[in-house]
Amino acid sequence: MPELPEVETIKRQLARKVIGKKLRNRKITNVRRRAKLLIIDFSDNSSLIFHLKLTGQLIFNGKPSSSTRKVFYFEDGSHLTFNDARKFGWWKKVKGTKRAEEGFGPEALEVDFKSLKTLFKKRSNTKIKPLLMDQKSIAGIGNIYSNEILFAARIHPLRQVKTLSEKEAWQIFHNVKKILKKAIQYRGTTEQYYRDACGQEGDYLKLLKVYGREGKKCSRCGAAIKREKIGGRSAYFCPKCQPL
DNA sequence: ATTCGGACCTGAAAGC
DNA sequence: TGCTTTCAGGTCCGAA
């Protein structure tokens with residue numbers, strides 16, 4: 001589930017709710033996001049790091065359920081519930097976050113066009129969709145938004161990076177920013193498991209143009225949306241708007 | 001360097 | 001009504 005927009009949504013909501021609260025004598029000083037990691041910092045310079053993987057949820061004052069893996073209780077009686085149906089997600093307590101934050105590429109919402117073009121040059125032999133999802137190259141984009149970005153940019157997910165023109169590279173850059181910002185405005189996409197920190201579903205599902213829409217009509221041209229496995233993940237695209 | 005399959009788990013939906 | 005198969009917002013590892 002959670003890609004950049006979902007984790008960012010949770011981060012913003014939690015920041016408003018838990019900064020200043022105390023957990024086992026330590027005060028929460030900040031709530032941050034790096035790539036798809038959610039980081040809670042404490043006054044003693046320790047931190048809690050979460051990765052929600054596919055089905056993780058972090059819900060403030062969430063009612064425990066069968067998928068609840070951990071509940072963090074604050075000194076004022078409120079709590080933070082970590083649910084994870086598939087148990088891929090994790091959390092850990094660290095003394096510093098430097099190690100955990102290493103190895104990621106620039107944040108998708110912060111990378112500039114020049115750096116993106118440099119990356120395209122360096123990774124010219126790979127395919128564009130797996131590259132957009134590679135956290136070491138650009139941090140935050142996953143399967144839903146890589147599909148949506150490439151549809152908006154009219155680029156086939158299998159395109160070799162070295163064949164992209166300047167104009168096409170710009171379209172990708174432009175739509176990375178545009179789609180992710182819009183998805184944050186809508187508090188992310190709930191396909192099944194995702195909930196924000198208030199336990200609410202995200203509203204971006206209704207704006208999806210290709211993800212999960214195999215066989216349905218393209219909103220631009222009416223052709224049937226296709227699904228194809230690329231790099232082990234389902235790529236969704238319009239064969240007419242995104243020709244190879 | 002890149003791609004592939006499998007591994008980690010559970011549960012919902014679709015197929016027969 | 002079952003029983004089986006497929007699929008899922010992520011990442012990691014080892015083998016071609």
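Lettering follows sequence order; numbering is per chain, from 1. Side chains are part of it too, since the values below use all heavy atoms of this structure and drop only hydrogens, waters and symmetry mates.
- Between the P atom of C:dG10 and the NZ atom of A:Lys129 lies a distance of 9 Å, rounded to the nearest Å.
- Using modelled atom types and a 3.5 Å distance limit, the side chains of A:Arg86 and A:Thr55 yield no donor-acceptor pair.
- Look at the P atom in both B:dA7 and C:dT5: the space between them is 16 Å, to the nearest Å.
- Residue A:Ser234 is in sugar-phosphate contact alone, with no base atom involved, counting any heavy-atom pair closer than 4.0 Å across all strands shown.
- Across all strands shown, B:dC9 has no partner, as no Watson-Crick or G-U wobble contact with both distances under 3.5 Å is found.
- Computed from coordinates, the A:Phe104 CZ to C:dG10 P distance equals 13 Å when rounded to whole Å.
- At B:dC4, none of the side-chain N or O atoms of A:Lys229 fall inside 4.0 Å of OP1 or OP2 (strictly under the cut-off).
- Atom pair A:Asp84:CG and C:dT11:C1' shows a separation of 13 Å (rounding to whole Å applied).
- Going from the P atom of C:dT4 to that of B:dC9 covers 22 Å, rounded to whole Å.
- When heavy atoms are screened at a 4.0 angstrom cut-off, A:Tyr145 is found touching no nucleic acid atom at all.
- Between A:Arg99 and A:Glu102, no side-chain nitrogen of the basic residue sits less than 4.0 Å from a carboxylate oxygen of the acidic one, so the salt-bridge criterion is not met.
- Contact check on A:Asp84 versus A:Lys53 returns no salt bridge, with no Lys/Arg side-chain nitrogen under 4.0 Å from an Asp/Glu carboxylate oxygen.
- Between A:Phe113 and A:Phe173, the ring planes are tilted. Angles from 30° to 60° get that label.
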Practice problem: For nucleotides 9-16 of chain B, just jot down a letter per nucleotide in 5' to 3' order: B, S or -, based on protein non-hydrogen atoms under 4.0 Å. | Solution: BBSS----
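- Applying the 4.0 Å criterion to OP1 and OP2 of C:dG10, one finds that A:His51 has every side-chain N and O outside that range.
- The side chain of A:Lys127 places an N or O atom within less than 4.0 Å of a non-bridging phosphate oxygen (OP1 or OP2) of B:dT3.
- Ion pair A:Glu201/A:Arg195 flagged as a salt bridge, since at least one NZ, NE, NH1 or NH2 atom sits closer than 4.0 Å to an Asp/Glu carboxylate oxygen.
- Separating the CD1 atom of A:Ile144 from the P atom of C:dA8 is a distance of 11 Å, rounded to the nearest angstrom.
- Ring geometry for A:Phe72 versus A:Phe50: interplanar angle over 60°, hence perpendicular rather than tilted (30 to 60°).
- Applying a 4.0 Å cut-off to non-hydrogen atoms, none of the residues of residues 133-142 of chain A approaches DNA chain B.
- Using a cut-off of 4.0 Å between Lys/Arg side-chain N and Asp/Glu carboxylate O, A:Lys36 and A:Glu6 are scored as not salt-bridged.
- In summary, A:Glu101 and A:Arg32 engage in a salt bridge, as defined by a charged side-chain N under 4.0 Å from a carboxylate O.
- A:Tyr236 comes within 4.0 angstrom of sugar-phosphate atoms only, judged by non-hydrogen atoms across all strands, and of no base.
- C:dT6 sits 14 Å from B:dG5 when the P atoms are compared, rounded to a whole Å.
- The distance between atom CG of A:Leu132 and atom C1' of C:dT11, rounded to the nearest whole Å, is 17 Å.
- Looking at heavy atoms from C-beta onward, A:Asn83 lies in side-chain contact with A:Ser65 at the 4.5 angstrom threshold.
- Rounded to an integer number of Å, the gap from CZ of A:Arg213 to C1' of C:dC7 is 18 Å.
- For A:Glu3 and C:dA8, the CD to P distance is 13 Å, given to the nearest whole Å.
- Put simply, A:Arg123 has a side-chain N or O that comes within less than 4.0 Å of OP1 or OP2 on B:dT2.
- Between A:Glu168 and A:Arg154 there is no salt bridge, since no side-chain N of the basic residue sits under 4.0 Å from a carboxylate O of the acidic one.
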